[in-house]
Undergrad: 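Dumping the structure here so I can ask a few things about it.
Lettering of chains follows the sequences in order, A, B, ..., and the numbering in each one begins at 1. Basis for what follows: all heavy atoms, side chains included, without hydrogens, waters or symmetry-related copies.
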Amino acid sequence: MRLNPFRRRAFPGDARHWPGLFTATAVFFAYVYLPILILIALSFNENRTVTVWTAFSLDWYRMAFANRDIVGAATNSLIIASVASVSSTTLATLAALRMASNDRFLGKTGINAVFALPITVPEIVPAVATLMFFASLGFTFGLGTVIIGHIVFCIPFAYLPIRARLEGMDPNIGEAAADLYANPVQAFWRVTLPQLIPGILSGLVLAFIISLDDFVTTFFLGGAGSTTLPIYIFGLVRTGVTPEVNAISSLMLLLSLSLVSLSLFLGRDQNRKNGPG
Amino acid sequence: MKTSGSSSTRDSSSRQDRSAVAVKSVSKVFGAGAQAFRALDDVSVDIRQNEFFTLLGPSGCGKTTLLRLIAGFEQPTSGEVLLDGRDFSGKPPYQRPVNTVFQNYALFPHMTVAQNISFGLEMLGRPKDRIKAVTEEMLRLVQLEAMADRRITQISGGQQQRVALARALAPQPKVLLLDEPLSALDLQLRKEMQLELKRLQTDTGITFVFVTHDQDEALTMSDRIAVMNRGEILQVGTPREIYNKPQHRFVAGFVGEINLLPAETTGVNEFSIAGGGCLRSSEAAHVPVGGQAVLAVRPECIALSEPSDGSLTGVITNVVYHGTDTIFHFKLADGQELRARSQNNAARVQTFATGDQIGWSVDPASVSVLADDPS
């Protein structure tokens, strides 16, 4: 505070000096993260009754991995998330490359706005609409319909980081590649794509997590044999929360955190390398 | 004057005489309708083999557009660009034997210094050992051997500049295009790089086409300069011709400081100036006797003295000391202000003060006659 001699006394609007700021912040973080910490702790509880702690044990994890239904649901989740994230990221990359070119075409601004729309539309709306659409086409509900639904709502999440990356790129670099005898195909593979990779990876991870976590779309578009982990956990909780649920939830949290950390790590690493020299 | 008047009138089949770049009546219009902007207007110029050629002009004069047309990033609206005698109209940049040094360098940030330099050779499909040898040679040429495996962001701005140069020179282009490559460097580094660029051009024998708005840079490095304004080439000549014999009012004013004196032609090379008195030029006037002309005189060509009979006279209005020289501002009888530059030499210091009556004279060889057009 005293480091800067030119700093005047705090003015009333300065957020740093609002009364009760520290308390409110502490309450906020406790409210958000304490239940999660308790859930993780209880997943290591030996006692069958969820709320009473007796001793440390890995029994619930062992039971979860032995449960064929859980393993099946986890497998479904991973299949859906993998296919949906890879497909949506591929489509989003192509879209971002086209939208980033500096020519104008009819409806470009409109298309740009519509890309982000699925993020703001309540998920239930497209889920129900897609359900009715697939039903009228006579589709059999299952993994296939869930994957199609997931690809659609994952596209904007994959698109945004890729687009941001493209906008941060030096527009002269494509010209420099062409000037150095790279034809458009070579310029794409050797110059554009390598620089886009961090954006693509962020998009991929984001889409994967969003898909892994999804309940509404999966619930509406799923069928026999397409139960995912969120759907399975929902079913379990209806008959009472068991420590087994805590164990599965903790594992999902671990997976999500690892993926986000990975994408942050990759993004930051590239930023450092590409920062102003 | 729109053409260079180069030596291409001789036997054009001889390789020495063939121009490296021939721009023939090129126009470039951006946009259409009411928003159309004519960036280049019927420009023709011949750039010779092994020449350091500079396009000089203020921003928006069309110099960068002309460079981009040669590189192939833009296509001319009309006219054609010949490279080494061959028509490359409609060919994309990757099929043209020219390389560009970009204003912001446009280096590939995901590659090392050496990978950047070898990129063009790889794209040309040169054998591996040849690529390696040339890359090493280029690193040596720009004195960056120690930096070969560094990332682009781990080197300084001046070093990035050298990498951009080496990358563009490595494929040994017929013509190297440089788009204000020194503008991002500080003054000291820029002075060094000016000399270095000239050395590289002499050593490699590659034709350099250099774009700048900095007249000092143009005068220092160029074999020939084309001064551009509003999409036209006004004059092409050696730095000495451009500086000493400007043929156009804009050229006179843009390159260096100059005094412009309205005058009436009284003889083949005699002029009566509005402020009273007579000036001679060694140039014959291209203005008929009795016609209006503008005389251009560099401040350093005006000699001041004590007033004497028959000499031109004036009154000192301001004296500005610049270290290496002193600028004397003085006024003629009709109120026109002129400037005279006098080198500060300990052995011969001119000491005039504000308000002093002075006499002044100019060697006829230092007087240029410009047509009295308002542009």
Undergrad: As an exercise, state the distance from CG of B:N99 to CG of A:D179, rounded to the nearest 0.5 Å.
TA: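 Reported value, rounded in 0.5 Å steps: 5.0 Å.
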
Undergrad: Closest approach of B:M123 and A:L180, non-hydrogen atoms and distance?
TA: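 For B:M123 and A:L180, the tightest heavy-atom pair comes out as CB-O, 3.4 Å.
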
Undergrad: More than 12 foreign heavy atoms under 6.0 Å from CZ of B:R86: is that the case here?
TA: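 Atom CZ in B:R86 is not crowded, with 12 or fewer foreign heavy atoms closer than 6.0 Å.
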
Undergrad: Could you tell me whether a side-chain N or O of A:N172 sits under 3.5 Å from a main-chain N or O of B:A106, the two making a donor and an acceptor?
TA: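 Not at all, since once roles are kept as given, no pair shorter than 3.5 Å links the two residues.
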
Undergrad: Does the B:H110 side chain pair with the main chain of A:L196, one donor and one acceptor, at a distance under 3.5 Å?
TA: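 Between the backbone of A:L196 and the side chain of B:H110 there is no qualifying donor-acceptor contact (under 3.5 Å).
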
Undergrad: Measure distances from B:L107 to the heavy atoms of chain A and classify the residue's part below 4.5 Å as side chain, backbone, both or neither.
TA: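 Contact with chain A: backbone only.
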
Undergrad: Checking heavy atoms, do the side chain of B:R167, its backbone, both or neither come under 4.5 Å from chain A?
TA: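 For B:R167, backbone and side chain are both near chain A.
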
Undergrad: Side-chain contact, heavy-atom cut-off 4.5 Å: A:Y181 with B:L121?
TA: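 A:Y181 does not reach B:L121 side chain to side chain.
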
Undergrad: Looking only at atom types and distance, does a side-chain atom of A:N183 sit under 3.5 Å from a main-chain N or O of B:Y94, one as donor and one as acceptor?
TA: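 No.
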
Undergrad: Can you tell which of B:M111, B:R68, B:Q103, B:Q95 has the highest number of heavy-atom pairs within less than 4.5 Å of chain A?
TA: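 Winner by heavy-atom pair count: B:R68.
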
Undergrad: Non-hydrogen atoms of chain B under 4.5 Å away: do they reach the side chain of A:A187, the backbone, both or neither?
TA: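 A:A187 has no heavy atom closer than 4.5 Å to chain B.
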
Undergrad: Identify which part of B:E122 has an atom lying under 4.5 Å from any heavy atom of chain A, answering side chain, backbone, both or neither.
TA: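 Contact with chain A: side chain only.
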
Undergrad: How long is the straight-line distance from CZ of B:F108 back to CZ of A:R190, given to the nearest 0.5 Å?
TA: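 The CZ atom of A:R190 sits 9.0 Å away from the CZ atom of B:F108.
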
Undergrad: Please check if the number of heavy atoms outside A:F65 that lie under 6.0 Å from its CZ is greater than 12.
TA: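 No, because the 6.0 Å sphere around CZ of A:F65 holds 12 heavy atoms or fewer from other groups.
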
Undergrad: Just wondering, do A:E175 and B:P93 contact through their side chains at under 4.5 Å, heavy atoms?
TA: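 Result no, sub-4.5 Å side-chain heavy-atom pair not found.
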
Undergrad: Tell me whether the count of non-hydrogen atoms from other residues, nucleotides or ligands lying under 6.0 Å of NZ in A:K108 goes above 12.
TA: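 Yes, NZ of A:K108 has more than 12 neighbouring heavy atoms, counting only those of other groups under 6.0 Å.
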
Undergrad: Measure distances from A:D170 to the heavy atoms of chain B and classify the residue's part below 4.5 Å as side chain, backbone, both or neither.
TA: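 The answer is the side chain of A:D170.
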
